[in-house]
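For reference, the structure discussed in these notes is given below.
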Amino acid sequence: MKNKLVLLSVILLIIGCKNNTDKSDDNKEFYGVWQRDFDPMPNATHHVEYEIDKDSVAYSLHGAAVNLDYKIAIDTIIDNKIISHSKNQYFVMFVEPHKDSIEIFKESKETFDDAMNFPMPPKDYKANHNQGWNMYYKK
């Protein structure tokens, strides 16, 4: 009987650790719809929205120069780091929640491992045409 309990405990532990990310947590403070407006050029306001949930990140950008909508599947969430993908491209996102706003940093990477190993950048980081950290507000 004792051996069966030990075996059952080991099996439950293995099953519980198989997919051990925060992805299934429905109460992440950064889940929701976040938006901001910006002017990449004079008189050309653009509106950006991120909708983040446990399974995907939807991105919408609309304005005078660009109109773009896409949804990317989330692979894993570790603390405030989101790894997602669309076809053969991976994305690493860092989110820093505040009371009524969120700062988001997003960069594309070639592989899942590149995205996983990318460290949280400083607030003044800009590279590869990356716009760096931006503040978004709850919709």
[atom1] of [X] to [atom2] of [Y]: how many Å apart, nearest 0.5 Å?
X      : Y      : atom1 : atom2 : answer
Ile52  : Tyr136 : CD1   : OH    : 9.5 Å
Asp75  : His85  : CG    : NE2   : 5.0 Å
Lys138 : Ser101 : NZ    : OG    : 11.0 Å

For [X] and [Y], which heavy atoms make the closest approach, and how far apart are they?
X     : Y      : result
Glu29 : Pro97  : CG-CG, 3.6 Å
Asp79 : Phe30  : O-CE2, 3.8 Å
Tyr90 : Glu110 : CD1-O, 3.7 Å

Using side-chain heavy atoms (C-beta onward) and a distance below 4.5 Å, is [X] in contact with [Y]?
X      : Y      : value
Lys81  : Met120 : no
Asn134 : Ile104 : no
Ile83  : Phe112 : yes
Lys28  : Lys54  : no
His46  : Leu61  : yes

For Glu96, check salt bridge (charged side-chain N to carboxylate O under 4.0 Å, His left out) against everything at least two apart and list the hits.
Lys123
Tell me if a side-chain donor or acceptor on Asp53 pairs with a main-chain N or O of Ser56 at a distance below 3.5 Å.
yes
Would you say Ser86's side chain and Gln89's backbone share a donor-acceptor pair under 3.5 angstrom?
no
When clusters are formed by joining ILVMFWY residues with side-chain heavy atoms under 4.5 Å apart, either directly or through shared neighbours, do Val57 and Tyr137 land in the same one?
no
So if you build clusters from Ile, Leu, Val, Met, Phe, Trp, Tyr with side-chain heavy-atom gaps below 4.5 Å, do Met135 and Val95 land together?
no
Go through the structure and list residues passing side-chain contact (heavy atoms from CB on, under 4.5 Å) with Pro121, not counting sequence neighbours.
Phe94, Phe105, Phe118, Tyr125, Trp133
Verify whether one side chain among Thr45 and Asp37 offers a donor that lies under 3.5 Å from an acceptor in the other.
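The answer is no; no qualifying pair exists.
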Counting only pairs under 3.5 Å, give me each side-chain donor-acceptor contact of residues 63-72, with atom names and distances, residues two or more places apart or in other chains.
{"unit_1": "Asn67", "atom_1": "OD1", "unit_2": "His62", "atom_2": "ND1", "d": "2.9"}
{"unit_1": "Asn67", "atom_1": "OD1", "unit_2": "Gly63", "atom_2": "N", "d": "3.4"}
{"unit_1": "Asp69", "atom_1": "OD1", "unit_2": "Ser60", "atom_2": "OG", "d": "2.9"}
{"unit_1": "Asp69", "atom_1": "OD1", "unit_2": "His62", "atom_2": "NE2", "d": "3.1"}
{"unit_1": "Asp69", "atom_1": "OD2", "unit_2": "His62", "atom_2": "NE2", "d": "3.0"}
{"unit_1": "Tyr70", "atom_1": "OH", "unit_2": "Lys106", "atom_2": "NZ", "d": "2.4"}

Start with the C-alpha distance between Val33 and Tyr50, add both sets of side-chain angles, then the distance that settles side chain to side chain contact (heavy atoms under 4.5 Å, CB included), and finish with yes or no.
CA-CA 6 Å; Val33 180; Tyr50 279 100; over 6 Å; no
For Met116, run the side-chain contact (heavy atoms from CB on, under 4.5 Å) check against Ile78, Val92, Thr111 and tell me which one passes.
Ile78
Answer yes or no on whether Lys139 is positioned over the face of Trp34, meaning its NZ or CZ is under 6.0 Å from the six-membered ring centre and within 45° of the axis.
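Negative - Lys139 is either too far from the ring of Trp34 or too far off its axis.
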